[in-house]
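Just below is one structure, and these are the notes that go with it.
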Amino acid sequence: MNLLKKGIFALLITGLAVSCEDEFVKESPTSLEGTGLTEITFPSHAITLKVEDGDGTMVTVRPQGLGATSYEVDFGDPNSTTDVITITEDAGTASYDYPNDVEEVTYTVTVTAISNKGLASVTQTKNVTITHKVTDISSVPLSPTILDQNAYVIFSDGIETGGVFAPYSNKFSSSNFDDGDAEYNEVEVGDIKNKVIQYSRLHGTVAASISFDPAIVIADVFGTGASADSIHLDLHSLHDIGVDKVKITLGGKTFEQTLTNGVWTGVDIDFASEGITQIDDIKLELGTGGTASNEATLNVDNIYLYRAPLSVPEFTFDEVASDYDVTFTDASELATSHSWDFGDGNSSTDASPTHSYNNDGLEKTYMVTLTTTNSLNKPTSVTKEVIVGGPAGPINPEILWGDFNGGSSDVYPPWKIANTPGSSNPFSGSSDGSCTEYDGTETGSKTRGAKWSSGNSADDADGTADPGDTRYAYQAVTLSPNTDYIFEYEYAIKTGGAETNSVVAAILNGHFSDSDVALASNALVEHVGTEAKGKFADNSCSGGTTVKLQFRSNSVGEVSIFIYAFTDVDAFVDNVKVYPAQ
C-alpha cells in the first residue's frame, strides 16, 4: 500500500538525556516534492525533539514532512500563553523553556502540520517529562567562631580549623528538614565538603519547613534552666535563579530579610527581645514583595542556637588598709558592668571601689556581693564575707613614719607629745637605721632611723626617766576594742657604753597630752631592751634586735606607743608596727 496515502504522522522524541552537543536528526523522506498529494505526510524520523543541557528545562522541536507549509507546536504549559510557536518554514525549529517552579512534571507536546494548499491539518501528541536540575552552589559562609559549649546546632558542620571541621557537641537529633513543600536538597561544597541545604521552588506560597519533635524549649536548651539567647542562620541566593527576599517564621514571630545577590547573609534573632519561648518549626519562604526567579533556590547553612558566655565575677579586698576602710579590687572576666552591694545598705557601680564602713569600734561581718553582666546584660553574682573592726582588720589609723624614713630636717608630728622638752623633734634623725625595710625587705645596708644620743638620755641618778631631760617618741593610735595585737619594733645599742644602757618601748593604756602623765601611767605591755650589739649595720647588718610583744587593747581601743632610752652611747629604733595577732 502507498505509505503516502496513509497519512502516517509520528513524533519522535529522542529522550531527555541528549546533550546540547548532539545534532538534530537530519534524515529526510525519499522525496519532498511530488504531484497529486492528497494528504500531509510525516515520516516518523522526520520530527525530532532535543532537551538542552543546563538546568534541563529547554526543549527544541524540529518537524519536517510532505505537504505541510507550516507547523504549530504547543508545548502544553497550561500556565503560559506563549508556549504555542509557529514554524513558517520546513525544517525550522521551535524551542521552549519550561518553568522551574516544579521539580518534575509531565507535559503533553502537540505538533500540528498545516498546509496552504488546502490539505487537512494533521496533529500528533506526545507526553514529555521534564526534570529540573538545581544549580550547584559554589560558595559557603564563613565558619562559625562560637565556642562549642555555647552553641546547640540544628544544622552546621562545626568550626573549621586547618581544613578540618570540629563538629559541635550539642546537636538536635529530631529535626526534619524536608517538612515543607519546597524541594529539599543537601549538597557538599568545596574541598572539605562543607554541607549546605538548598531549598528550591520557593514560588508564591511554597515554603520550606524544618520541624522539631519534640519542640525546642528556649529556657532549657542547654539543660534544665540553661536558656539560649538567640538563633543564627546563614542565607544565600543568586537572584536570577533564586529569591531576593526571605520571610522567616519561628516561635510565632515573622521576620523579613533582604538578601544581597550572591552574598552570604547572617541572621540573628534574639529570643528575649522577641518574646520567643518555644520553636516548633522554622519556615522559610519568599519575602513580602520579593521576587522568585527561575528555580527560586535559597541556600542555608549554620543554623544553631546560641548563648552568650556569662561573666565570671571575682574580687579581692584589702584586709590591712584600715579597720573600716576597705578597698575592693575587681578580678572578673567578661564583665560589661559592675554592681556592688557592700552589705550595709550602700552600693557602687565602680569596677574597683573603696568603701568606708561605720567606725563604731566593734567587730562586724558584712556579706559583700559583686554582680557583673555579660554582653547580653545577663547577671552573675559572687558573695564574700568581709570582717571589719576586729582582728581580721587593720589598725586605724596606720602608724605614720614607723620606719622613720625621712631626713634630719623632717618633722614627725604624730610621734611628738605636747610637752616634750628641748628640740621639737622627739629624737634625732639618723642614717644608721635598720637594714630591713618597713615591709620586711632586706636591703643589705642601713636606712633612715630614729637615734637617741647620750644627750637625749633619761639620766636621773635613780635610773628612772626624767621628762625634763629625755626625749620621748609618742604616737596615739586607735585599735579595735578588746582585741589582741602585736607590738613590733627593732632597736640597736652601740657597744662600749655602760651596762645600764637600754631602750624602753611600751604600749600605754590610753591617749595622753603630757609626758609626765604618760610616763606615770600603767603600760599594757613594756619591754626594756639591753642588747648592745652595735649599730644596725654593724657585723654584716646583725647589730639590731627585733622585739614582738602581744597585748590586748582596752575597751575603747585607744592606746599609745611610747619609746625612750637610757644610754651614754648612741641607741637606735626603726620599723615600729602594731598589727592584729593571728
Side-chain angles (χ1 to χ4, degrees), residues 318-325 327 391 393-417 420 424-443 445-452 456 471-480 483-493 503-512 515 518 523-527 529 535-537 541 543-551 553 557-565 570-582:
D318 182 1
E319 296 186 82
V320 296
S322 68
D323 269 340
Y324 298 96
D325 293 338
T327 296
I395 65 171
N396 183 23
E398 294 184 51
I399 300 174
L400 301 180
W401 300 104
D403 56 351
F404 308 110
N405 188 19
S408 60
S409 64
D410 289 333
V411 179
Y412 309 103
W415 281 103
K416 182 179 183 295
I417 198 165
T420 298
S424 61
N425 287 340
F427 37 71
S428 300
S430 172
S431 61
D432 289 319
S434 171
C435 296
T436 303
E437 295 285 10
Y438 193 71
D439 61 3
T441 302
E442 297 287 344
T443 65
S445 61
K446 58 189 178 182
T447 61
R448 298 295 301 178
K451 174 184 177 182
W452 276 262
N456 306 136
R471 291 183 180 179
Y472 300 102
Y474 172 91
Q475 186 184 115
V477 295
T478 300
L479 308 176
S480 296
T483 301
D484 291 332
Y485 286 89
I486 301 296
F487 173 38
E488 178 181 339
Y489 64 96
E490 292 182 77
Y491 79 92
I493 302 174
V503 174
V504 182
I507 297 294
L508 304 183
N509 186 9
H511 291 172
F512 300 88
S515 57
L524 295 175
V525 66
E526 183 179 77
H527 182 267
K535 297 180 180 180
F536 282 115
C541 285
T545 300
T546 300
V547 178
K548 293 183 180 181
L549 306 174
Q550 183 167 326
F551 68 95
S553 62
E558 295 183 352
V559 301
S560 305
I561 302 171
F562 200 57
I563 305 173
Y564 56 96
D570 292 342
F572 308 87
V573 172
D574 207 349
N575 295 332
V576 182
K577 306 173 185 178
V578 174
Y579 52 87
Q582 300 298 318

Inset, instruction - Run the numbers on E526 and V504 for side-chain contact (heavy atoms from CB on, under 4.5 Å), then give the verdict. - result: CA-CA 7 Å; E526 183 179 77; V504 182; 3.9 Å; yes

Legend entry - Worked verdict on D403 versus T447 for side-chain contact (heavy atoms from CB on, under 4.5 Å): CA-CA 9 Å; D403 56 351; T447 61; over 6 Å; no

Legend entry - Side-chain donor or acceptor of K577 paired with backbone N/O of D439 under 3.5 Å: no

Inset, instruction - Nearest 0.5 Å please: distance from the CD atom of E437 over to the CZ atom of R448. - result: 12.5 Å

Inset, instruction - Could you tell me the separation between the OH atom of Y489 and the CD1 atom of I563, rounded to the nearest 0.5 Å? - result: 7.5 Å

Inset, instruction - For the pair L508 and V559, evaluate side-chain contact (heavy atoms from CB on, under 4.5 Å) and give the outcome as yes or no after the intermediate values. - result: CA-CA 6 Å; L508 304 183; V559 301; over 6 Å; no

Legend entry - Shortest non-hydrogen separation from F536 to G544 and the atoms involved: CD2-CA, 3.5 Å

Inset, instruction - State the CD1-NZ distance between I493 and K535, to the nearest 0.5 angstrom. - result: 14.0 Å

Legend entry - Donor-acceptor under 3.5 Å (H527 side chain, A506 main chain): no

Inset, instruction - May I ask you to decide if S434's main-chain N or O and N575's side chain share a donor-acceptor pair within less than 3.5 Å? - result: no

Legend entry - Heavy-atom pair of closest approach, residues A537 and K446: CB-CB, 4.0 Å

Legend entry - N/O donor-acceptor pair under 3.5 Å between T443 side chain and C435 backbone: yes

Inset, instruction - Quick one: closest heavy-atom pair of S480 and Y485, and the distance? - result: N-OH, 3.0 Å

Inset, instruction - Hey, could you give me the CD/CD distance between Q550 and E488, rounded to the nearest 0.5 Å? - result: 13.0 Å

Inset, instruction - Over all heavy atoms of both residues, which pair between F551 and I486 is shortest? Give the atoms and the distance, please. - result: CE2-C, 4.2 Å

Legend entry - Closest non-hydrogen atom pair, V503 against A571: CG2-CB, 3.8 Å

Inset, instruction - Answer yes or no: is there an ion pair linking D570 with K451, defined by an N-O contact shorter than 4.0 Å? - result: yes

Inset, instruction - Check the angle between the aromatic planes of F562 and Y474 and answer parallel, tilted or perpendicular using the 30° and 60° thresholds. - result: perpendicular

Inset, instruction - Please check if the side chain of Y438 supplies one atom and the backbone of V576 the other of a donor-acceptor pair under 3.5 Å. - result: yes

Inset, instruction - To the nearest 0.5 Å, tell me how far D574 CG sits from Y491 OH. - result: 14.5 Å

Inset, instruction - For the pair T483 (side chain) and S553 (backbone), establish whether a donor and an acceptor sit closer than 3.5 Å, ignoring hydrogens and angles. - result: no

Legend entry - Shortest non-hydrogen separation from W452 to V573 and the atoms involved: CZ3-CG2, 3.6 Å

Legend entry - Side-chain (T478) to main-chain (G557) donor-acceptor, under 3.5 angstrom: no

